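See below for the structure under consideration.
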Amino acid sequence: MNNSKKFYVATPIYYVNDIPHIGHMYTTLACDMLSRFMRLDGVDVKFITGTDEHGQKVEKAAMNAGKDPQEFVDTVSQNFRDLASFMRFTHTDFVRTTEPRHVKAAQHLWNVLRERDEIYLGEYAGWYSVRDETFHQESELIDGKAPTGADVEWVTEPSYFFRLSKWQDRLLEFYHANPDFIAPQTRRNEVLRFVEGGLHDLSVSRTSFKWGIPVPNDPKHIMYVWLDALTFYLTALEYPDQSTDFTEFWANSLLVVGKDILRFQSVIWPAFLMAAGLPLPTRVFVHGWWTRDGEKISKSLGNAIDPIQLVETYGHDPVRYFFLREVPFGNDGDFSEPALIGRLNSDLANSYGNLVQRVLSFIAKACGGIVPTPDELTSQDQALLSQADDILPTLRENIEKQTFHKVIEHIWHIIAEANRYVDEQKPWALKTENPTRMGTILYVLSETIRQIAILTQPIVPEASARILDQLAIPHDRRTFAHLEIALIPGITLPLPEGVFPRWVEEGK
Ligand code: ME8
């Protein structure tokens with residue numbers, strides 16, 4: 001994936017029926033980490049997020065709030081935008097489905113599908129879940145409810161249909177020809193089983209409410225909210241224009257979604273694209289669900305966790321680190337504050353923070369804050385230096401597979417090795433007896449810390465920047481291309497200060 005210098009990554013666009021919670025933050029955080037990594041690696045990244053603002057569910061939420069839908073979506077969408085900037089995410093675009101550029105893209109896609117006879121007019125009679133914005137077959141219902149537990153209602157109305165059934169074989173061929181299209185494997189298998197089970201034509205318009213994009217030439221109908229929403233992936237590429245940006249970014253694209261919406265991005269969206277004669281994205285990565293005390297997080301259950309509060313309590317970097325490290329990307333995870341505090345204290349304060357603190361404060365004390373000049377390197381020195389020198393290809397491989405937790409594990413392994421090296425080499429014992437050897441050890445350590453801090457920028461950007469500041473690394477020497485340009489001996493470092501304070505419970 002990395003051969004090209006352009007990369008496109010998108011989160012789902014979030015419904016504006018609710019306030020954002022950690023689940024929404026999580027997907028965007030993962031994409032942010034990936035984007036930062038790729039940019040440091042010299043890749044031009046488009047990172048897209050946004051809000052899904054049409055449909056019956058949002059219309060109902062607006063009604064419940066006693067607001068006009070447009071006024072309502074303006075406010076809630078702004079909450080999502082504010083969250084993304086509060087989190088300091090590095091998205092390059094925020095798409096709202098109520099924007100004219102999106103309406104234009106969605107209507108254009110509709111027209112193309114209609115011209116190619118992929119959409120036909122019929123009558124829908126069946127079950128619909130407003131909460132999931134999903135049509136259900138009678139056979140899918142469990143105790144009269146949607147498989148997610150959402151209420152369903154009987155809907156009979158004239159409707160346009162998309163010929164989804166027609167694409168079953170071509171989808172299967174595509175999945176077989178592109179084994180990495182859906183990841184992880186378990187999700188791919190789920191999709192294969194689902195598509196092999198047969199696809200039904202999909203109702204793609206509604207007439208019983210108004211809050212949506214009008215169907216071109218038949219404005220009694222509004223477009224099904226998922227056809228509308230999925231098009232945002234192209235809106236961000238200025239579709240219907242198909243410039244080089246469109247071709248080059250889309251040819252190297254990753255859609256990151258939660259497991260709740262797997263079928264939409266990996267079955268329905270590819271079918272729409274095939275039917276419209278458009279290329280498919282490169283990959284769909286499906287991550288798991290965060291729960292709290294084993295329960296799905298939702299406003300109605302009253303267990304939603306506000307990411308802003310979390311960051312205000314623990315800081316940006318600890319929150320990023322916890323979510324990226326705690327759970328293998330793709331698996332479910334149960335959120336708990338003690339687990340977050342545990343990670344903060346062990347991995348950040350005791351491990352990374354301690355390494356930096358002990359080395360830099362020792363240089364300040366024993367060398368007057370001047371980076372010492374190394375003498376001949378021992379095999380242990382070389383072993384530590386080569387760990388950091390050799391790690392980038394492994395990290396890249398894991399980024400390409402979206403195994404973000406492994407990226408962190410590999411870097412933290414070097415941190416642990418560096419701490420072990422300090423304990424073994426005991427530079428403090430050499431101050432009078434062998435200051436030259438002490439200088440070499442401190443040089444090896446500060447050079448290792450420099451490389452680690454460059455590599456941890458996508459994970460804990462603020463602390464990494466502060467560490468690089470303390471090593472007097474200029475801002476334009478912090479990309480992966482600078483990993484090889486070693487620290488210059490003889491430079492004077494600013495006074496060190498701790499970057500990862502331990503979290504101490506009040507009263508302890
Ligand atoms: O489905 N754990 O929007 P949505 C992990 N508008 N991730 C979670 C989560 C949790 N508990 N809760 C939410 C929609 N997410 C549609 C998408 S895209 C064309 C249209 C994240 O507001 C996760 O990424 O319900 C999930 O897929 C998404 O939010 C659902 O957001």
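Ligands are counted one by one from 1 in listed order, and the atoms in each one are counted from 1 as well. Just so we're clear, the structure is a prediction, and the values are computed from it rather than from any experiment.
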Which protein N or O atoms sit under 3.5 Å from any N or O of ligand 1? Give atom names and distances.
| unit_1 | atom_1 | unit_2 | atom_2 | d |
| --- | --- | --- | --- | --- |
| ligand 1 | 2 (N) | Trp290 | N | 2.9 |
| ligand 1 | 6 (N) | Ile13 | O | 2.8 |
| ligand 1 | 6 (N) | Asp52 | OD2 | 2.7 |
| ligand 1 | 7 (N) | Gly23 | O | 3.4 |
| ligand 1 | 11 (N) | Trp290 | O | 3.0 |
| ligand 1 | 22 (O) | Tyr15 | N | 2.9 |
| ligand 1 | 24 (O) | Thr27 | OG1 | 2.7 |
| ligand 1 | 24 (O) | Gly258 | N | 3.4 |
| ligand 1 | 27 (O) | Gly258 | N | 2.9 |
| ligand 1 | 27 (O) | Asp260 | OD1 | 2.9 |

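The environment of Lys104 atom NZ is sparse: at most 12 non-hydrogen atoms of other residues, nucleotides or ligands sit within 6.0 angstrom.
Taking His136 as the reference, nothing meets the ring-ring contact (aromatic ring centres under 6.0 Å, His included) condition, with sequence neighbours excluded.
Taking the centre and axis of the six-membered ring of Phe72, the NZ or CZ atom of Lys67 falls outside the cone set by 45° and 6.0 Å.
Rounding to the nearest 0.5 Å gives a distance of 8.0 Å between CG of Leu254 and CE of Met38.
Remark: Glu133 does not engage Lys57 in a salt bridge, criterion side-chain N to carboxylate O under 4.0 Å.
Side-chain polar atoms of Tyr233 and Gln265 form a donor-acceptor pair below 3.5 angstrom.
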